[in-house]
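Beneath this line is the structure, given in structure tokens, with notes to follow.
Just so you know, residue 1 is the first one in the sequence shown, and it goes up from there.
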Amino acid sequence: MITFTKTLSLLGLAFLFSCKQKNTFKTAVNQKTLLWEISGKDLEQPSYFLGTMHLMCAEDAVLSDNVKTILKQVDQVYLEVDMDNMGELLEGVTSLQMKDDKTLADIIPSGDYLRVKTFFEQHQPGMPFSILERQQPMMIASSLYELFLPCEKKNGIDLRIIDEASRQKKETKGLETMAFQSSIFDSIPYVEQADELVKTIDSIGKYQLSVQKMIEVYRSQDIEVLHDLTTQEEAGIKSYLDLILYDRNKNWVHQFPSIAKRSTLLAVGAGHLGGERGVIHLLQQQGYSVRPLVK
């Protein structure tokens, strides 16, 4: 016979089990966080946005306990691109080349070309410059970032998320394709991209300091300062910020209602979260409740 006392005990255990299944995350102070809970409107259960850095020192590229807990709870994971899809990645590699078989030598003066070539041959000897110079100049410039990370072993939050999601057998998808991202760079004149690449090479000390600053601010989890730094970094091609940053934010928020029919962790570059035209503010404008969580 089940006694009244035993019934209360069983109910108590059930209550404790329920509490463990549904975690309540603490709200972050001063909204300084990379982790945001999105709820309300027509959502049956919350989804989450996490600001990432695609490449950083391995010791910094770790997932917090809260992020790991969220990964356990959600039904699916979205990254900017589906990095777990090898076919997608291979297609993306070929799409990063400039159209019409152009190379860097075709679009910049010979003196500038020689300086850029010499720099990469000295700093990236493992990558033949004959291959590198066929890529879109903005992609060539982005490879400089890795050179100035103050460590030998590198990783990215996105890659850590993929590993953890795979371990938990969670589905991963992409908000965009590599081909789409490549098309963005194809929309910016190669000459302008190359001009920015040359300027970066010629002021490499300043660029190194900006990388260090970006890492420091990421650690502080201040998405507003991160947004400001991101837009400053793109200052040379500021007329294309809509294309590179803000239009993509709008597109992700447009996709959100259909994605969030299932509880989802969306991990995107941290520079996309802050600002008046950032993902967090756009979601608020759409009527969602957003809550900064302790990461």
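Taking OG of Ser142 as the reference point, atom CG of Leu96 lies at 8.5 Å (rounded to 0.5 Å). Atoms CG and CD, from Leu43 and Glu37 in turn, are 10.0 Å apart once rounded to the nearest 0.5 Å. Rounding to the nearest 0.5 Å places CD of Gln136 at 9.0 Å from NZ of Lys99. Rounding to the nearest 0.5 angstrom, the gap separating the OG1 atom in Thr200 from the CD atom in Glu196 is 6.5 Å. Rounded to the nearest 0.5 angstrom, Met139 CE and Gln181 CD are separated by 8.0 Å. A distance of 10.5 Å separates CG in Leu175 from CZ in Phe180, rounded to the nearest 0.5 Å.
For Glu59, the CD atom is densely surrounded, since the number of other residues' heavy atoms within 6.0 Å is greater than 12. Counting non-hydrogen atoms of neighbouring residues, nucleotides and ligands closer than 6.0 angstrom, the NZ atom of Lys72 reaches no more than 12 such neighbours. No more than 12 heavy atoms of other residues, nucleotides or ligands shown are found within 6.0 angstrom of CG on Asp101. The number of heavy atoms from other shown groups lying within 6.0 Å of CD (Gln208) is above 12.
The two residues Thr177 and Val81 make their nearest non-hydrogen contact at C-CG1, 3.9 Å. Here the closest non-hydrogen pair linking Ile223 and Thr33 is CG2-O, 3.3 Å. Among all heavy-atom pairs drawn from Gly271 and Leu245, the shortest one is O-CD1, 4.2 Å. Scanning all heavy atoms of the two residues, the minimum distance from Arg277 to Asn249 falls at O-ND2, 3.1 Å. Here the shortest heavy-atom pairing between Pro137 and Met98 reads CD-SD, 3.8 Å.
Note: the hydrophobic cluster containing Met56 does not contain Val62 (ILVMFWY, side chain heavy atoms under 4.5 Å, direct or indirect links). Linking ILVMFWY side-chain heavy atoms closer than 4.5 Å, directly or via other members, places Leu104 and Leu114 in two distinct hydrophobic clusters. When the side chains of ILVMFWY residues are joined at heavy-atom separations under 4.5 Å, either directly or via intervening members, Ile131 and Ile107 end up in a single hydrophobic cluster. Connection of Met53 to Leu209 is not established within any shared hydrophobic cluster, with ILVMFWY side chains joined at heavy-atom distances below 4.5 Å, either directly or through further cluster members.
For the pair Lys32/Glu224, no side-chain contact is recorded, criterion being any heavy-atom separation below 4.5 Å from C-beta on. The closest side-chain heavy-atom distance from Trp36 to Lys295 is not below 4.5 Å. The closest side-chain heavy-atom distance from Leu273 to His227 is not below 4.5 Å. In this structure, Phe119 and Gln124 have side chains that are not in contact, with every pair of non-hydrogen atoms separated by 4.5 Å or more. With a 4.5 Å cut-off on side-chain heavy atoms, Leu293 and Tyr48 count as touching. For the pair Thr52 and Val268, the minimum side-chain heavy-atom distance is 4.5 Å or more. Contact annotation: the side chain of Leu79 never approaches that of Leu266 to less than 4.5 Å [non-hydrogen atoms, C-beta and beyond]. With a 4.5 Å cut-off on side-chain heavy atoms, Ser47 and Phe256 count as touching.
At a cut-off of 3.5 Å, with distance as the only test, a side-chain donor of Arg291 or Thr27 sits close to an acceptor on the other residue. A donor atom on one side chain and an acceptor atom on the other are not found under 3.5 Å apart for Glu216 and Gln212.
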| task | Give the C-alpha distance, both sets of side-chain angles, the deciding distance and a yes or no for side-chain contact (heavy atoms from CB on, under 4.5 Å) between Tyr246 and Thr231. | result | CA-CA 10 Å; Tyr246 299 128; Thr231 53; 3.5 Å; yes
| request: Test Thr172 against Gln76 for side-chain hydrogen bond (donor to acceptor under 3.5 Å, both in side chains), laying out the working first. | output: CA-CA 6 Å; Thr172 60; Gln76 59 185 357; over 6 Å; no
| Test side-chain contact (heavy atoms from CB on, under 4.5 Å) applied to Ile201 and Asp112, step by step | CA-CA 10 Å; Ile201 295 294; Asp112 291 342; over 6 Å; no
| request: Apply the test side-chain hydrogen bond (donor to acceptor under 3.5 Å, both in side chains) to residues Tyr240 and Glu192: give CA-CA distance (whole Å), side-chain angles for both, the deciding distance (0.1 Å), then the verdict. | output: CA-CA 11 Å; Tyr240 300 103; Glu192 294 185 37; 3.2 Å; yes
| said: Set out, in order, the CA-CA distance, both residues' side-chain angles and the distance that settles salt bridge (Lys or Arg N to Asp or Glu O under 4.0 Å) for Glu171 and Arg262, then state yes or no. | reply: CA-CA 11 Å; Glu171 186 177 15; Arg262 301 171 66 194; 3.5 Å; yes
| query | Which is it for Leu34 and Ile157 under the side-chain contact (heavy atoms from CB on, under 4.5 Å) test, yes or no, and what are the steps along the way? | reply | CA-CA 12 Å; Leu34 302 166; Ile157 297 295; over 6 Å; no
| query | Passes side-chain contact (heavy atoms from CB on, under 4.5 Å), Asp163 versus Leu63? Steps please. | reply | CA-CA 11 Å; Asp163 288 343; Leu63 302 183; over 6 Å; no
| field | Test log, rule salt bridge (Lys or Arg N to Asp or Glu O under 4.0 Å), inputs Asp65 and Lys68 | value | CA-CA 5 Å; Asp65 289 341; Lys68 288 180 179 178; 5.1 Å; no
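Arg160 places a side-chain N or O within donor-acceptor distance of the main-chain N or O of Ala61, the cut-off being under 3.5 Å. Between the side chain of Asn66 and the main chain of Val294, a donor-acceptor pair closer than 3.5 Å is present. At distances below 3.5 Å, at least one donor-acceptor pair connects side-chain atoms of Lys41 with backbone N or O atoms of Gln286. Ser182 contributes no side-chain N or O that, together with a main-chain N or O of Met178, makes up a donor-acceptor pair within less than 3.5 Å. At distances below 3.5 Å, at least one donor-acceptor pair connects side-chain atoms of Tyr145 with backbone N or O atoms of Leu55. Looking at Thr230, its side chain does come within 3.5 Å of a backbone N or O of Leu226 through a donor-acceptor pair. Ser64 places a side-chain N or O within 3.5 Å of a backbone atom of Val67 that can act as its donor or acceptor partner. With hydrogens and angles disregarded, no donor-acceptor distance shorter than 3.5 Å links the side chain of Asn155 to the backbone of Cys57. Side chain of Glu80 to backbone of Ala267: no donor-acceptor contact under 3.5 angstrom is found. Between the side chain of Tyr218 and the main chain of Gly51, a donor-acceptor pair closer than 3.5 Å is present.
Using a cut-off of 4.0 Å between Lys/Arg side-chain N and Asp/Glu carboxylate O, Asp82 and Lys173 are scored as not salt-bridged. Salt-bridge annotation for Asp202 and Lys199: absent, with no side-chain N of the basic residue lying under 4.0 Å from a carboxylate O of the acidic one. Electrostatic pairing of Arg248 and Glu176 counts as a salt bridge here, judged by a charged N lying under 4.0 Å from a carboxylate O. The existence of a salt bridge linking Lys117 and Glu121 is confirmed by a sub-4.0 Å separation between a basic side-chain nitrogen and an acidic carboxylate oxygen. A salt bridge is absent between Lys170 and Asp75: the closest approach of a Lys/Arg side-chain nitrogen to an acidic carboxylate oxygen does not fall below 4.0 angstrom.
Relative ring orientation between Phe148 and Tyr207 is described as perpendicular, the plane-to-plane angle rising above 60° on a 0-90° scale split at 30° and 60°.
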